[in-house]
Structures are given as structure tokens and as C-alpha cells.
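Proteins come first, then strands; the chains are lettered A, B, ... in the order of their sequence lines, and each starts at number 1.
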There are 2 protein chains.
Amino acid sequence: MIHPSHGGGKVSQVTSAPARTKRPTMVDVAALAGVSVKTVSRVVNNAPYVQPEVAQRVLAAVAELGFRRNHLASSLRSGQATATIGLLIEEIANPFYATIAGAVAEVASEHDTMLLIASSEENPAREQQLLRDLCARQVDGLLVVPAGEDHAFLRSEVERGTPAVFLDRPAGGLPADTVLIDNRGGAHAGVRQLVERGHRRVGILLDSTAIYTMRERLAGAQDALAAAGLADDRLIRYGIRDPETAARVVGDLLDEPDPPTAFFALNNRISLGAVEELHRRGSDAALLGFDDFDLSRLLPYPFTVVAYDTRTLARTAAELLFRRIKGDRSAPRDLLIPTELVNRGLPRH
Amino acid sequence: MIHPSHGGGKVSQVTSAPARTKRPTMVDVAALAGVSVKTVSRVVNNAPYVQPEVAQRVLAAVAELGFRRNHLASSLRSGQATATIGLLIEEIANPFYATIAGAVAEVASEHDTMLLIASSEENPAREQQLLRDLCARQVDGLLVVPAGEDHAFLRSEVERGTPAVFLDRPAGGLPADTVLIDNRGGAHAGVRQLVERGHRRVGILLDSTAIYTMRERLAGAQDALAAAGLADDRLIRYGIRDPETAARVVGDLLDEPDPPTAFFALNNRISLGAVEELHRRGSDAALLGFDDFDLSRLLPYPFTVVAYDTRTLARTAAELLFRRIKGDRSAPRDLLIPTELVNRGLPRH
DNA sequence: CCCCGATCTGACAACGTTGTCAGATCTTCG
DNA sequence: CGAAGATCTGACAACGTTGTCAGATCGGGG
């Protein structure tokens, strides 16, 4: 699978073990510049009251030795401010979380803060361990997309001054800042539109209601159907994990007598499978999906998505976190990010 | 854009400023358990030679106070091992880098290490500052997708024991481990296939040769064309940044007398625009693109991509880094990740 | 001329942890 | 029964930095 390159490496020196010098400290700089460590500290931190010529000498010594302040020691001594926040998500490679990470990184960068990212992989035990680990690293704050249902274990950390903001899903057992998508409202609006267009039988496709967002979306859809007297639990299909299963289930439903004329896919993996199957069959059923996704406009079947701005979700949460870090001690807030309905896909051919 | 939720927040207590207790330290635990700090340290670190009953007392005190070891102080005292590595990429939200980040996070997790991620935003100055900052945080190692051309400033850090592995693009001015995609070989193979299928005029679409990977891909394509005596610089179009421009340039080339019968898009943004335009026109030109992408198989025009496994790229680099962290001092290595040709898109209709 | 404040500098302790070492107790064996 | 080792514990210093404080120097106003 992997093979060494054929001569691309301009290896100037093949000496294997290099110098391995120790890192210079303020003590070394001070010795070289002929001043005390405290003066070095002052210069490095741009503190006032240092004679220009002395500062020059120190800076020269810093440059000569290649000194870099040890951030660990610095934030240990000065108490707070590691200038690092922790982000806990499910899986970095997933585009949804990647977008969140990107937006959070942007806000963090605006506050001269670095980002420690951890993946919970939907495992509550792992989530708990990672959050504890992040706290042990003295992060200034936490952004959490919850995997588990109970976050009471974070209470003591929050009380000890590590603020936490939850996004996309609510925290359990902990009054905390939360930023959520309007899942229920979006699903309601989308399904109501289907109903208004005359659909009476709407197939609902989801994996499970174990996850908060899915419960909300399902509830929104059911509200809209019930409002029109169209609720029918037999049209709800669970256990759909991937596009392939979604395609199969859509096919099964269409093959039944009195099939649905519309489908609501509760996430974009399911939408994708549904698009494939509807396109394959040349069907004319309507399709609504929650979550937009990349390239959706180029897919070979027209459908509507409940879209929202993931970056706004993440930036809102990150900005709220930094307000907390700066000392905002007001009551926890719940914010909702609105959704909109957008048409996607190419026309039927 | 954002509005407060309507009554979803089960705010049990509206008291704004909570207790704000100080974090307990080993001193506190020691006092409560009636032992010395050193014994607490031993228990917390599972060191041998502690009486079981004493360990029990300490653990009870730890639980009662909710003590967590301060990772900063720990790694400051014990020298190395912050159990953190730094990853520098261009932009987290980009799926390519997100995939890299995900794979790196996986390997890091296998080594009980956390991941500090920074975005260079293709800015060499920012890259340099971020890398210095990561070093100041005493990371155990660095994974870098270079933005700049010169990384000589990292030499001292590497010599002082922070190993660095570069991926996707080579480092400049520094003998260092590097893991690259076989850009030249992949482009060569793809274009050779076009030639073998009878194409004599191949339009080449790219942004610029400022980036290493693009130079290599262009060189591979030109090699293949030259080998068949088909090199023609007039068919190379530069300055294509986005799908829209790509679509326009493809249209322009097709409208010329004696138009190309095939196109080679040097990245997936360009491929995407080319697909749209060729589909729109109902063209029958062949299309080759470097980089696969999500949903490519569902796009409405058939094309071939030079594909590679981004996860393998990242995992290979991460595993090499951890070997360095564990003490491997052998000569720097250059590794190449192979590519393959894959057919994508739906048939013409 | 002296005192006062502004400017500049360094000694020292402290952040929370762990490595080193020495001391204490207990077991084991010649 | 005494010596040697194994087991257990704590005092102390140190990691690299910064906050506190006190001391030194200088210019200017009474």
C-alpha cells in the first residue's frame, strides 16, 4: 500500500541522531543578557518599566538562544488562562462536525485561543472521560455536542470556573448554556408544506429516537400531520442507519398497496438513499429531508430540505462561551437557531 | 437570526452567580486523608508501595473533593509528555482536512493523546506563528500540512525534541519526515489512459502552480502527453479558483475551433464545475479529475477520478510521528501514498 | 538641599506536581 | 539474634514562570 519514494528526498545529511539540545529557559536568557529572570519575564510580556537598552539586550539573547516561553509554566503560575478551549464532538471527519469545528476555530482564533478537539464517538463513557481529561488540562472553557444523557458530572467543573456551552443537543442534569437547531419547528414547517400540497400519506424515515434531535424532528412531523388529521404510525420506519437501508425501505414502502406519496427523511444520510431509490424508479413521490448537504443541488432527483446554518450554530455557541470566559455570570441561556426550507436536486428527467 | 427559546429551558434555579469554589489540589486531598502530598501523588499515579487502607482513604478523599490532577503542573514537573500533539492544517471545515483530522485523532486516541488543531488559512506568517505557539505549549509532536515554502524556523524545535512530520506537501528548508500523495504518478496514469483511448487534445484546468501538489500533477500530465508527442501549452488554463470559473473556462474551450475532446481538472472544485458544464451542454468530452469527493458517483455526468485514501495518508503520518515521539531517531523518511483511477458519475442521458 | 514620586531592577516565594532521598517499620534468613 | 532486604511514608527541592515587594536611581519642586 505504501512504498518509499524513489529519490525525491533531498537528504542533505544522513546523520541520524541530531544535537538534541535542551530548551532554553528564562534563566538562560537572563544569564546571557546579564539581567535577572524577572526582567526577562517583563520584556517577554511587554511589561512597562524596562529600559530600552536592557530590553534590546534581552531580545537579542532571546533571539540568539531561540527562546520560547513555556506556556505550561506560564499558565500554571498565573492561575487561569491557558488560552485553550476544548471542543467535544462525535466524529471530526463528519462534515457537520467539521463545519462546527471550523467555525469554532475561527472564533477561538479571534480570541487568540487554541482548540483542543476530542471525538466522543457517540460513547457516553468516552465522552465523560474526555471531558474530565480536558478539564484536567485546565482548558478555559468547553464546547460540547453531548453524546450521553447525563452531564451532572460536569457540575463541579463548571462551578470551579470552567464554563461549558452545549450545542446541537441539550445537556442532561445540568443547568447550562445551550444552543440548538429548531428541529421541531423545521420539521413541522416542512411537513406542513407537504400537507398543503395535497399529500395525505407521508412516510417517515429515521434510525431511532435515542438521539434528542431525532425525537424533536419526529415530534414536529407528527404535530403537523396530527393537525391535519393525518397521523399514521404505520408509515414511520425505524432502524435506518445508512443510505442503502434507506433506499431499500423506500422501495418496500412504495411496493405496498396504497403507498406514501411523500417521504420525510430525518437526516441527510437517509435523504441520500431515498434520492437514489426514487431516481432509480423514476418515481414522482415528494421528498423532504432534514439537513442540507454538499452537492445536494446536483443530485438527480428534486427534493426539499430543512436547512440551517451550521456555522451560525457553532459561532453562536463559541461566542457565548467566550462571554462566559470573560466573566459573564448571568443565568444560563437557551438559544434556538432557525431553519428554512430549500429546494434541491435536479429536475426529474 | 437567533431568538431565545420559548419555554424549553427547565431552569431549576435562576440564581446567577454560583458557588465558584476553588479547585482542590493534592494538598487538600492530603489534608483530608491525613497523609502527605507525595502519598496522594503515588495513589493518583498508581505507584507501588502504598498500603491498601491508605490508598482507600486517599481515594475516598479524592472522590469527596472531586479532585482532578492538574495536567499542566504534572507535565511541567516531569519534563516531557504533555500527551498532546499539534495538527496544523489549512482549514478544518474543508472535507479533505477534516478527514485528515479525523484519522489523526483516531491514531492519537490510540496513544492516549489529545489533539490541538490549528488552521493556517494558507497564510505562511500565520502558519509560523501557530507552529511556534504549539511548540510553546510543549506539544509532544507536530503534524503539518505546510502552507509556506520555508520551515527552517522549525529546525531548532525539532532539534530540541519536538518531532515534526509533514503531510500532503513537503517541508521547505528542513530535512524532515514527509508523507505525500503520488501526485505526479496519478496524473500521469490518468492522462495516459486518456491518450490510450484516443484523445489527442486534452484541456488542462488548474488554478496556479504556486502549490506543490499542483506543480506535480501538472508535471505528471505533461509527461504523459509529451511521451505521446501531444504536449500543447495552449490547452492549459490557469486561474481557476471555483466551480463557476471552471464551468466558464470549459465552455470557452469547447467553443473554440478544434476544441479539446478531453479535460483534466487538477482538483475537485474544478472537476465539479466541469461536470456541471459538460452535463449542461450534453457534451461527450471525456473528463478526468484529480481528487475524489463525496457523492461524486451520483453526479449527472460520467468522469474518471485519480483517487487516493486520505485516511491512509493521515494515519501513516500520525503513526510515523508517534514512532518519533517514542524515540525513533533514524534518518528522515519520505513516503508516497499510491493513487488509483476510479470511474464516477451517472451515465450520460 | 531634601523629599517625593516616577522609573527601573532583582530577590524571593509561589503555582501544583513529582523525583530524590532518607527514615521508619516489617519480614526473612543465616 | 542481628543484618539485609522489602515495604511504606514523608520532607524537600525542583520544573519554568510570574506576583509581590523592597531597593536603587533619577529628576524636579519646595
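Proximity of residues 55-76 of chain A to DNA chain C (heavy atom under 4.0 angstrom from any strand atom) is restricted to A:L76.
Between B:L88 and B:L142 the shortest side-chain heavy-atom distance does not fall below 4.5 Å. Contact check for B:R69 versus B:N45: side-chain heavy atoms found under the 4.5 Å cut-off. Within the 4.5 Å cutoff, the side chain of B:E106 has no heavy atoms near those of the A:S119 side chain. Inter-residue side-chain proximity for B:E157 and B:H151 is flagged as unmet; no heavy-atom pair is nearer than 4.5 Å.
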Is there any protein nitrogen or oxygen under 3.5 Å from a nitrogen or oxygen in nucleotides 25-27 of chain C, and what are the pairs?
none

Taking N or O atoms only and anything under 3.5 Å, show me the protein contacts with nucleotides 6-11 of chain D, one pair per line.
residue: D:dT7; atom: OP2; partner: B:Y49; partner atom: OH; Å: 3.3
residue: D:dT9; atom: OP1; partner: B:Q51; partner atom: OE1; Å: 3.4
residue: D:dT9; atom: OP2; partner: B:Q51; partner atom: N; Å: 2.8
residue: D:dG10; atom: OP2; partner: B:S36; partner atom: N; Å: 3.1
residue: D:dG10; atom: OP2; partner: B:S36; partner atom: OG; Å: 3.2
residue: D:dG10; atom: OP2; partner: B:T39; partner atom: OG1; Å: 2.5
residue: D:dG10; atom: N7; partner: B:R42; partner atom: NH2; Å: 2.5
residue: D:dG10; atom: O6; partner: B:R42; partner atom: NH1; Å: 3.4
residue: D:dG10; atom: O6; partner: B:R42; partner atom: NH2; Å: 3.4

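Atom CD in A:E53 sits roughly 13 Å away from atom C1' in C:dT7 (whole-Å rounding). Taking atom CG of B:D28 as the reference point, atom C1' of C:dC15 lies 13 Å away to the nearest angstrom.
Residues A:F67 and A:T25 approach most closely at CE1-C, 3.6 Å, considering heavy atoms. The two atoms that bring A:T162 and A:G141 nearest to each other are CG2-CA, 4.1 Å, heavy atoms only.
Each of A:D334, A:V145, A:L174, A:D177 was checked for a side chain to side chain contact (heavy atoms under 4.5 Å, CB included) with A:F166, and the lone residue meeting it is A:L174.
Between the side chains of A:S75 and B:R137, no donor-acceptor pair of N or O atoms lies under 3.5 Å.
Between the side chain of A:R42 and the main chain of A:A47, no donor-acceptor pair closer than 3.5 Å is present. In this structure, B:D140 contributes its side chain and B:I85 its backbone to no donor-acceptor pair below 3.5 Å.
In terms of polar N and O atoms assigned as donor or acceptor, the side chain of A:R77 comes within less than 3.5 Å of the base of D:dT18 in a complementary pairing.
Note on B:S41: every side-chain N or O is 4.0 Å or more away from OP1 and OP2 of C:dT17.
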